[in-house]
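Both backbone and side-chain heavy atoms feed into the values below; hydrogens, waters and symmetry mates do not. No experiment lies behind these values; they were computed from the predicted model shown. For this chain, numbers begin at 1 and follow the sequence in order.
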Amino acid sequence: MEKKIFYHGFIITMEEKEKSVESVLIEDGIIKAVGELKVVKELAKDAELIDLGGKTMLPSFIDCHSHIMQFARILCFTQLNTAKSFAEIKGIITKKLKEEPENTGWLIGFGYDHNMLKEGEHPDKFLLDEIETKRPILLVHASGHMGCVNSKGLKLSNIEEGTPDPVGGKIGRVAKSKEPNGYLEESAFMAVAKHMGEIKIDMEELFEKAQRIYLEYGITTAQDGFTREEEMKQLDKLNEKNVIKLDVVAFLDIKENSQVKDQYKNYCKRYNGHLKIGGYKLFLDGSPQGRTAWLTKPYEEQEGQEKDYCGYPIYTDEQVKEFVAQAKQDEMQLLTHCNGDKAIDQLLNATKSPSKMRNVIIHAQTMRRDQLPVVKRLHMIPSYFVAHTFYWGDAHIKNLGMERASQISPIASTIRESIPYTLHQDTPVILPNMMETIWCAVNRRTRDGVLLGEEECISVYDALKAVTVYGAYQYFEEQEKGTISVGKRGDFVVLSDNPFEVPKEDLRKIQVEQTYKDGELVYQRKSSSFFL
């Protein structure tokens with residue numbers, strides 16, 4: 001049996017606040033003992049000694065909502081996250097076109113954010129037509145909920161002047177006309193993919209790159225948060241070829257792909273290798289930074305937008321009730337994307353009674369405090385995208401006003417209600433940087449330095465608990481993961497500094513030095529350079 005003893009560091013178990021131990025014994029990937037080094041050594045005199053060099057070891061991080069397969073795919077797209085203006089977008093796309101003169105397929109750019117552009121607007125077909133008219137171009141917003149295409153892209157997507165807005169989506173129009181301007185949001189944007197044909201990519205190579213990035217950030221359990229039949233086929237192949245090294249939990253698209261669970265029963269709610277199907281995923285609205293989240297009270301007025309605009313739903317109340325009933329009947333955990341408080345109301349009203357399935361409210365950005373007792377009664381888990389405070393906090397102030405913006409991701413209020421909660425990054429929206437997310441939850445500072453709701457700041461321990469203890473709980477894996485305890489798996493992260501000792505403003509400077517999966521070293525930091 002392979003035995004290892006970790007010692008000479010701050011080994012924080014997460015069993016209770018800041019509890020630490022001198023050493024940990026691992027045998028064949030399972031924690032066999034924790035405690036004083038001399039006692040643990042006596043239990044395994046032949047064990048390999050792993051000197052932590054005074055660094056801090058914690059349970060490894062658990063990703064509570066992301067899209068690892070989508071992240072893998074976008075690694076081959078043209079990256080637009082650095083663009084600060086239309087001119088820079090044009091430059092990046094033009095350069096890519098020159099690199100691929102013979103390619104006539106779709107050119108896809110990912111990661112622009114209109115909130116960060118000098119113009120403060122989305123690109124449109126007129127901008128893209130200045131670059132290229134023969135080859136279709138699709139630019140995907142950082143949120144993944146909207147984007148734009150050129151005239152060629154509109155034509156291939158069968159969007160013309162007489163095309164109506166689809167249910168749960170909108171087609172941008174030229175002012176005072178019905179002419180599409182290339183901007184698409186929600187279901188109108190999602191429909192473009194159906195007209196793109198097959199995009200040839202090496203999924204194995206891309207997945208390995210994506211997986212590497214998760215491990216670099218100390219994550220050993222990742223999520224594929226909207227799995228369709230094609231993604232499940234790919235995951236199955238990757239798992240069979242032993243490409244998947246971290247644990248991946250897939251959530252099937254409940255609307256069109258719930259039957260996939262019957263095709264892959266060997267993964268349903270249990271791991272086969274490093275893959276399992278955890279449940280279903282449902283979308284109810286859009287994003288607050290894109291002004292498509294469904295709100296109870298209107299967004300702040302903006303030029304060109306209808307008065308008293310509150311965003312909009314994707315489904316009717318009756319449809320949502322049917323989805324919730326289906327998940328209950330199938331005994332599948334339901335993860336529901338709700339950014340707006342009206343969408344959260346819709347989900348809570350559809351749920352009616354408590355469930356043993358630990359259903360999750362994904363993002364919950366504008367969760368109202370009066371909704372939290374209902375969330376508690378229904379035994380639901382809010383999973384907060386708290387990095388919004390930094391990345392789009394200033395946009396939320398503009399879109400929602402200071403009072404509502406200060407209450408986004410109300411984690412402290414959730415703690416006061418004694419409700420389990422988790423945190424996530426919604427990768428590929430942003431990178432799966434857990435220490436940055438911890439920093440956001442503790443400090444709640446916007447890009448412009450505004451303190452966004454001091455009363456919702458939480459402690460370092462409570463932030464870490466969300467991505468260890470409660471992360472394991474969300475996945476029904478609290479007996480295997482989440483703390484450094486006897487009988488649990490040897491999934492660890494080793495940090496450059498102790499998060500309980502550094503100034504809270506410096507939390508995001510802490511580096512992941514090592515990541516261990518089942519007691520095996522799967523990542524060792526050599527440099528801090530990532531793909532972006």
Side-chain angles (χ1 to χ4, degrees), residues 4-26 29-36 40 50 52 54-64 214-215 217-222 246-247 358 381 383-384 386 411-412 414-415 418-424 432-442 458-502 504 507-508 510-519:
K4 296 176 183 177
I5 294 175
F6 296 82
Y7 74 104
H8 186 210
F10 297 97
I11 302 175
I12 299 170
T13 67
M14 291 302 298
E15 288 182 307
E16 56 189 73
K17 192 171 184 179
E18 298 180 39
K19 179 182 177 181
S20 62
V21 295
E22 278 190 6
S23 63
V24 176
L25 169 64
I26 300 291
I30 302 298
I31 300 172
K32 293 297 184 179
V34 297
E36 293 184 31
V40 170
I50 310 287
L52 295 171
K55 301 188 185 303
T56 298
M57 188 168 87
L58 292 160
S60 60
F61 299 139
I62 296 173
D63 159 42
C64 294
Y214 278 76
L215 294 173
Y217 286 115
I219 295 167
T220 58
T221 301
L246 42 62
D247 290 338
R358 303 177 187 175
I381 302 171
S383 185
Y384 293 112
V386 71
I411 310 172
T414 304
I415 293 171
S418 300
I419 299 170
Y421 56 93
T422 60
L423 305 177
H424 64 263
N433 186 341
M434 282 296 184
M435 287 313 303
E436 180 183 68
T437 287
I438 301 304
W439 173 84
C440 289
V442 172
I458 63 174
S459 70
V460 173
Y461 175 76
D462 285 332
L464 286 168
K465 191 174 181 181
V467 297
T468 55
V469 177
Y470 285 146
Y473 178 81
Q474 178 180 302
Y475 287 128
F476 292 85
E477 297 179 25
E478 65 267 30
Q479 300 302 316
E480 303 172 26
K481 303 175 183 176
T483 63
I484 298 178
S485 309
V486 173
K488 293 191 178 182
R489 292 163 63 168
D491 294 354
F492 308 131
V493 61
V494 178
L495 303 177
S496 60
D497 299 275
N498 188 335
F500 295 108
E501 294 186 350
V502 303
K504 66 179 184 178
L507 284 166
R508 63 176 170 175
I510 295 176
Q511 296 280 346
V512 172
E513 297 286 344
Q514 296 174 327
T515 304
Y516 287 85
K517 182 78 180 79
D518 298 321

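The aromatic ring centroids of Phe500 and Phe10 lie 6.0 Å or more from each other.
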Notebook entry, point to check: So Tyr7 and Val40, side chain to side chain contact (heavy atoms under 4.5 Å, CB included) or not? Walk me through it.
Noted result: CA-CA 10 Å; Tyr7 74 104; Val40 170; over 6 Å; no
Next item on the list: Show your working on side chain to side chain contact (heavy atoms under 4.5 Å, CB included) between Leu495 and Met435 and close with a plain yes or no.
Entry: CA-CA 10 Å; Leu495 303 177; Met435 287 313 303; 4.2 Å; yes
Check: Should Lys488 and Thr483 be marked as a side chain to side chain donor-acceptor pair (under 3.5 Å) after you check the CA-CA gap, both sets of side-chain angles, and the distance that decides it?
Finding: CA-CA 8 Å; Lys488 293 191 178 182; Thr483 63; 2.7 Å; yes
Next item on the list: Please assess Tyr217 against Glu436 for the test side chain to side chain contact (heavy atoms under 4.5 Å, CB included), listing each intermediate value before the final yes or no.
Entry: CA-CA 10 Å; Tyr217 286 115; Glu436 180 183 68; over 6 Å; no
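Distance OH/Tyr475 to CD1/Ile381: 10.5 Å, rounded to 0.5 Å. Here the CG-NZ distance, from Leu25 to Lys32, works out to 8.5 Å after rounding to the nearest 0.5 Å. Here Leu246 contributes atom CG and Thr221 contributes atom OG1; the two are 7.5 Å apart, rounded to the nearest 0.5 Å. How far CG of Asp63 is from CE of Met434: 5.5 Å, rounded to the nearest 0.5 Å. Interatomic distance, Ser20 OG to Glu15 CD, rounded to the nearest 0.5 Å: 11.5 Å. Annotation: the span from Lys55 atom NZ to His8 atom NE2 amounts to 10.5 Å, rounded to 0.5 Å.
The residue from Leu423, Asn433, Thr468 that alone fulfils the side chain to side chain contact (heavy atoms under 4.5 Å, CB included) condition with Phe61 is Thr468. For the side chain to side chain contact (heavy atoms under 4.5 Å, CB included) with Asp462, the qualifying choice from Val442, Ile415, Ile438 is Ile415, the only one to do so. Tested against Phe6, the residues Ile50, Ile484, Ile31 include a single side chain to side chain contact (heavy atoms under 4.5 Å, CB included) partner, Ile50.
Remark: Glu477 does not engage Arg489 in a salt bridge, criterion side-chain N to carboxylate O under 4.0 Å.
Scored by the ring-ring contact (aromatic ring centres under 6.0 Å, His included) test, Tyr470 finds Tyr421 as partners (sequence neighbours excluded).
For the residue pair Pro59 and Ile12, the shortest heavy atom distance occurs at CD-O, 3.5 Å. The two residues Val386 and Cys440 have their closest heavy-atom pair at O-CB, 4.0 Å. Of all non-hydrogen atoms in Ile5 and Ser23, the two that sit nearest each other are CG2-CB, 4.1 Å. Among all heavy-atom pairs drawn from Ala466 and Cys64, the shortest one is O-SG, 4.2 Å. Here the closest non-hydrogen pair linking Pro499 and Ile510 is CA-CD1, 3.7 Å. Of all the heavy atoms in His424 and Thr437, the pair that sits closest is O-OG1, 4.4 Å.
Counting heavy atoms from C-beta on, the side chains of Ile219 and Ile62 never come closer than 4.5 Å. Thr220 places none of its side-chain heavy atoms less than 4.5 Å from the side chain of Lys481. Inter-residue side-chain proximity for Phe492 and Val24 is flagged as met; some heavy-atom pair is nearer than 4.5 Å. With a 4.5 Å cut-off on side-chain heavy atoms, Val34 and Thr13 do not count as touching.
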